[in-house]
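What follows is a single structure, written as structure tokens, with notes after it.
Predicted model only: the values in this text are computed from it and were never measured.
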Amino acid sequence: MVNISKKWGFHGVEALKNASPKYKITMGFFALMALAGAAVGLQAMIVGYHHVYGVTREISWGLLISAYIFCVVTSTGLCIISSIGHVFGGEAFMPIAKRAVFMSIMFMFGGFCIIFFDIENPFRMAIWNVISPNFVSNMWWMGTLYGMYLVFMIIEYYFLLDQNHTLSRLMGFFGLVVGIAAHSNLGAVFGMLHGRPFWYGPYLPIYFIFSAAMSGGCAILFFTTLGWKINPEIMNQRMERAVKAVTQVTIFLISVIIFFTIWKIITGMVSEGKHLVIMSFLSGDYAINFWVFEVFLGMFLPLYLLIRSRGNNFNLIMWATGLMMVGIFFMRYDIVIPGQMESVYHSLGVVEAEDMLTYTPSFHEIMASLFGIGFIGLAYFAGEKMLNGHQLEKHEIVPEGGYICPGCGGIHYMEEGETEEDAMKRHHRVW
């Protein structure tokens with residue numbers, strides 16, 4: 001019998017107690033951020049959203065929706081990247097699976113923390129979502145599919161910890177399918193709005209999937225290299241190979257998003273319904289958001305730095321992906337907010353609707369968003385210590401006849417006449 005905590009690499013609360021003072025201060029910072037955000041969000045619920053939020057009747061989706069989308073997009077992306085390894089058998093990607101799935105769950109919870117304060121009565125919504133489903137509503141499908149996705153990811157993570165490759169792969173496959181369905185449906189929430197020309201069309205559901213994969217690659221690189229700063233021992237030969245493989249995929253995905261962005265601008269400039277918003281990106285109120293954050297920090301600078309890193313300069317990768325995550329947040333903001341800046345009466349030639357509408361996030365919206373971000377940061381740092389950097393306690397838990405798989409790092413057993421490579425293929429066979 002094997003101690004389950006050793007089998008999972010679980011160090012528990014004791015590991016947090018033994019952490020350095022600097023580490024505890026960092027965790028305390030994120031804990032205070034989450035608590036302050038939750039307190040301000042609850043105060044907004046009591047006072048009333050229309051008194052403290054910057055949204056209006058014309059601009060009904062604000063910063064909270066942007067932050068929610070940032071979190072769930074990153075969660076789906078982490079699921080996509082992790083599935084390359086332990087679902088579809090890409091050996092090089094297997095070592096990042098545990099951290100990727102763990103962070104996918106935390107990002108989804110972070111997104112739920114944020115959207116909780118954007119819904120007038122979140123408890124009533126949860127109840128009526130079950131007892132009164134509306135099958136023709138994209139919003140209903142979004143909530144239902146993301147709920148299913150979270151359940152599959154939690155079950156998958158349990159089986160990953162338990163080193164049950166068959167069931168973790170099965171749950172990972174279901175989670176991937178439901179996650180992609182949920183995410184493309186999220187794009188459809190925007191893309192099926194006839195009254196918003198900037199969003200309307202088949203572009204966003206497709207864009208959201210590729211953008212999610214790019215976000216997932218960025219996130220797992222950032223959190224893995226940051227984990228290396230915390231505990232250099234995690235960067236063994238297998239993890240180095242995984243980081244290099246994810247870097248190559250992320251470079252490709254950034255290039256794909258650049259391609260999408262170029263055509264979004266070109267087609268938007270010749271579209272009467274999108275021209276006003278596109279010009280606000282190029283030379284108007286949102287030019288700094290677009291050129292500095294979305295284009296430079298979100299795409300071109302990370303692309304250059306990741307290529308230069310060659311997948312093995314971990315400091316460079318950490319800075320590139322850290323800046324990229326800031327840029328990705330502005331990508332989400334630049335989808336949600338500017339799409340509402342053009343009044344629905346503009347196309348009718350109404351004089352009062354000639355100019356772009358304005359929106360400024362309120363203090364309460366910013367703090368409610370920081371609730372989710374603080375939760376994710378706290379969960380990450382707690383997980384790195386309590387879960388031993390998502391590693392196994394190899395020297396303590398390898399039973400007689402077992403060996404550590406060079407692909408996933410889990411315990412495998414060889415049958416009679418098998419080599420270690422044959423056993424790895426048998427344990428990780430996909431079809």
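For the atom pair CG of L221 and CE of M324, the computed distance is 9.0 Å after rounding to the nearest 0.5 Å. Separating the CG atom in L78 from the OG atom in S83 is a distance of 11.0 Å, to the nearest 0.5 Å. For the atom pair OG (S75) and CD1 (I80), the distance works out to 10.0 Å, reported to the nearest 0.5 Å. Here the CE-CG distance, from M331 to N289, works out to 12.0 Å after rounding to the nearest 0.5 Å. The distance from the CD1 atom of I251 to the CE atom of M214 is 13.0 Å, given to the nearest 0.5 Å.
Annotation: side chain of F260 is in contact with side chain of I206 (closest heavy-atom distance under 4.5 Å). In this structure the side chain of L64 reaches within 4.5 angstrom of the side chain of S369, judged on heavy atoms. Using a 4.5 Å heavy-atom threshold, the side chains of Q340 and R196 count as touching. The shortest distance between side-chain heavy atoms of E365 and V55 falls below 4.5 Å. Counting only heavy atoms from C-beta outward, the side chains of Y359 and T56 never approach each other to under 4.5 Å. The shortest side-chain heavy-atom distance between F107 and T76 does not fall under the 4.5 Å cut-off. Using a 4.5 Å cut-off on side-chain heavy atoms (C-beta onward), Y53 and L63 make no contact. No side-chain heavy atom of V270 sits under 4.5 Å from any side-chain heavy atom of I266.
Looking only at distances, a side-chain donor or acceptor of S184 sits under 3.5 Å from a matching main-chain atom of A181.
Heavy-atom contacts from other residues, nucleotides or ligands closer than 6.0 Å to CG of D285 number 12 or fewer. Annotation for F210: atom CZ does not count as buried by contact number, only 12 or fewer foreign heavy atoms lying within 6.0 Å. Crowding of Y49 atom OH: a count of heavy atoms from other residues, nucleotides or ligands under 6.0 Å exceeding 12. Environment of CE in M192: sparse, with no more than 12 heavy atoms of neighbouring residues, nucleotides or ligands closer than 6.0 Å. Within a 6.0 Å sphere centred on NZ of K264, other residues, nucleotides and ligands contribute more than 12 heavy atoms.
Checking each of V277, I335, V189 against W199 for a side-chain contact (heavy atoms from CB on, under 4.5 Å) leaves exactly one that passes, namely I335.
Side chain to side chain, Y157 and S82 fail the donor-acceptor criterion of an N or O pair below 3.5 Å. Looking only at atom types and distance, the side chain of K385 has no donor-acceptor partner in the side chain of N231 under 3.5 Å away.
Sorted by first and then second residue, the pairs that involve residues 308-336 and meet ring pair (Phe, Tyr, Trp, His ring centres under 6.0 Å), not counting sequence neighbours, are F70-F329, W228-F314, F293-F330.
Aromatic ring pairs are classed by plane angle as parallel below 30°, tilted from 30° to 60° and perpendicular above 60°; the pair Y146 and H183 is perpendicular. Between F112 and Y68, the ring-plane angle classifies as parallel under the 30° and 60° cut-offs. Taking the six-membered ring where the residue is Trp, F173 and F88 present perpendicular rings, their angle passing 60° and hence far from 30°.
The six-membered or imidazole ring of Y207 lies near that of Y203, with a centre-to-centre distance under 6.0 Å. Taking the six-membered ring for Trp, W140 and F135 have ring centres closer than 6.0 Å. In summary, the aromatic rings of F116 and F123 are positioned with their centroids under 6.0 Å apart.
Comment: R99 engages E384 in a salt bridge, judged by a side-chain N to carboxylate O separation of less than 4.0 angstrom.
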Under the criterion side-chain contact (heavy atoms from CB on, under 4.5 Å), I'd like the reasoning laid out for I254 against L306: C-alpha separation, chi angles, the key distance, then a yes or no.
CA-CA 10 Å; I254 295 172; L306 290 177; 4.0 Å; yes
